[in-house]
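Take a look at the structure set out below.
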Amino acid sequence: MKGFGKLLKKDLESIKQVAIVQGVGILLWNLFFFTRVGKESPPWMVLPTLLPFVLVFFWHIMQTVQVYRHEWQLGGIYQTLTIPQPGWKIALAKLTAVMLGFVLNTILAAVGFLLTVWRAGFRELAFTYVNSLIQAITLAEFIKTTSVFALGYLMLGINIAVVIHASYNCMRLTSRFRFLLGISLFTVGWLQSLFASAGYHIFRWVPHFAIKVPFGDPLNIPQTVNVIFNSSIILGYILALALTFWLTGYLIENVLEV
Amino acid sequence: MPKELRVELEFDSTRPIYLQIIDEVKRAVVRNILTPGEKLPSQRELALNARVNPNTVQRAYREMETMGLVETKRGEGTFISQDEGFLASLRSEMAHAAVQDFVRQTMALGLNESEVIQLVSEFFREAGVKGGSDHD
Amino acid sequence: MTEQMLVQTKNLTKRFGRVLALNDVSIEIPKGIVVGLVGPNGSGKSTFLKLLAGLVRPDSGTVLINGQKVGLKTKAQVSYQPEIDQFYDWMSVGDALDYTAGLVPDWNWEKAQELLGFLNLDQGARVKHLSKGMRARLKLAVSMSREADLYLLDEPLSGIDPPSRVRIIKSLIGGYESGRHTIILSTHEVAETEGIFERVVFLEKGRVRIDESAESIRAAHGRSIQGLFEEVYE
């Protein structure tokens, strides 16, 4: 992986400013509600600290575009495309950089949310709730379910970045007109669904898997439902993601022009 | 430390540069600016000072070696030839060339042989130019 | 073909929209010489270099470097210096060297240190605070610190102060090893660089107008390359 570190550092630097502004935004927002909640405050005061989880996705999109745009605005792209580094490595460094930003912002949002909940006096309630969830489905099942949700969240972030990166490079192919981004997005999205359905057929033989999802009134013992996942769809989707990523690397290495 | 050759920064870019380097060395030798056995600047040094391609300088040095003007001692550098006979003939060759140029130009002005000779001696008398002699 | 050429282009043609940037260019360049690629703005110099560097791809015709099609393998042998600045604002001079050093297989730190000293560059200086001339010097230090087979320098002297020009030309000569390095340098200001060219290619509207050795241009035409340049592009 010689050179990957250098590329990653460059890409982190290029989104640093945007990411810091976003992080500080989340921090200030959470801080505002954190300092206003207390034992007497109405319970809804905790809810606004959930908003950053939505913002994280919008800001993720911004960083995802920025990591390419910055390089094109400066002359950096001239060097990136003439050094002997394969396209996938260049693309992977950018993907890694924006995913680090995404994860860090998510952690900031989560910490803010949890601290606010704690300060608002819902600590006992939260513990009881989690406890009853675990009792309903066993600890192992609880960990499995949580991991699947976390992984799903991460995959969503990766998917957004991979599709936008492929689209951005498609857009650079034809011309630099911005409206083509829309068309490129559509094309890449369509390609991805094509890949996914191909993957679905390829992986038909893989057995399904299920997770237990508890729900219900936190003060009662929650009910659980079995959610069954069709593995072939998921594998098809991961294959589609990999192919879309490969497309980006291919474009960078073999097709893009400056 | 070898004396600086005048090619430095001043070559005339309308003639092949390697020929100008050779001419410059010849002129320096004839005028005793460079003496027999004296070391020439290294090819790289000359290239840097004159801002010309090292390959061009190399070509000039190679040609000078072929004509016997310089000799290269392995690992030591390039030196002006010690061959007095060669240097003398170089001097006369260059003098002949200069005279030839001069005569051609004056003849082109319509002067004849005796007029040219008369002009030259008048010139020496009036300007008090010393024809390379040391006594005063 | 008796000898393997370092660069070989055959009927190279490249269009950008309606503009014909290169039109049927066939050039062969052996290893170990300095080639001046001259011509006015828009004559196709940059496009030619970009095609060798792999930044653009031909519409028709071929480019071979060391007998190979342009790709990752040839990029490992070619050090390309764009006309535009490739640096990022966060970089110091040292970072800029470090960055490229980590991305190419042929970096030579000894050479880099030597060039920094000769070009009067301070490792700690922030790139965004450097003057245009100093940035041009840094670009040269970055591209010439590689041990590449082929150096492609796009307008390395364009729009910078005279002392920087002199430094840049001298460091090109100083670092040049006869027979080993091949440099293709594009410029529209010929007077200062013509001494270092061994061969000169005149481009005009995407076509090769003259392709001759520098000394034979002087011998045959009795004029400097600058003089010929002015006459050709009058």
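Proteins get letters first, then strands, A, B, ... in listed order; numbering begins at 1 in each.
To the nearest 0.5 Å, atoms CD1 (A:I83) and CG (C:L103) are separated by 4.0 Å.
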Scan the chain A/chain C interface and emit each donor-acceptor pair under 3.5 angstrom with its distance.
residue, atom, partner, partner atom, Å
A:K2, NZ, C:V104, O, 3.0
A:K6, NZ, C:D98, OD2, 3.1
A:G75, N, C:D85, O, 3.2
A:Q79, NE2, C:T100, OG1, 2.7
A:L81, O, C:K75, NZ, 2.8
A:Q85, NE2, C:L103, O, 2.9
A:N254, O, C:R57, NE, 3.0
A:N254, O, C:R57, NH1, 3.2
A:V255, O, C:R57, NE, 3.4
A:L256, O, C:R57, NH2, 2.5
A:E257, OE1, C:K14, NZ, 3.1
A:E257, OE2, C:K14, NZ, 2.8
A:E257, OE2, C:R57, N, 2.7
A:V258, N, C:L55, O, 3.2

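Across all non-hydrogen atoms, the minimal contact from C:L72 to A:P84 is O-CB, 3.7 Å. Residues C:V56 and A:V258 come closest through the heavy atom pair CG1-O, 3.7 Å.
Contacts between C:V70 and chain A at a heavy-atom distance below 4.5 Å are absent for every atom of the residue.
Of the listed residues (A:L74, A:V255, A:I77), the greatest number of heavy-atom pairs within a distance under 4.5 Å of chain C belongs to A:V255.
At most 12 heavy atoms of other shown residues, nucleotides or ligands fall within 6.0 angstrom of atom CZ in A:F149.
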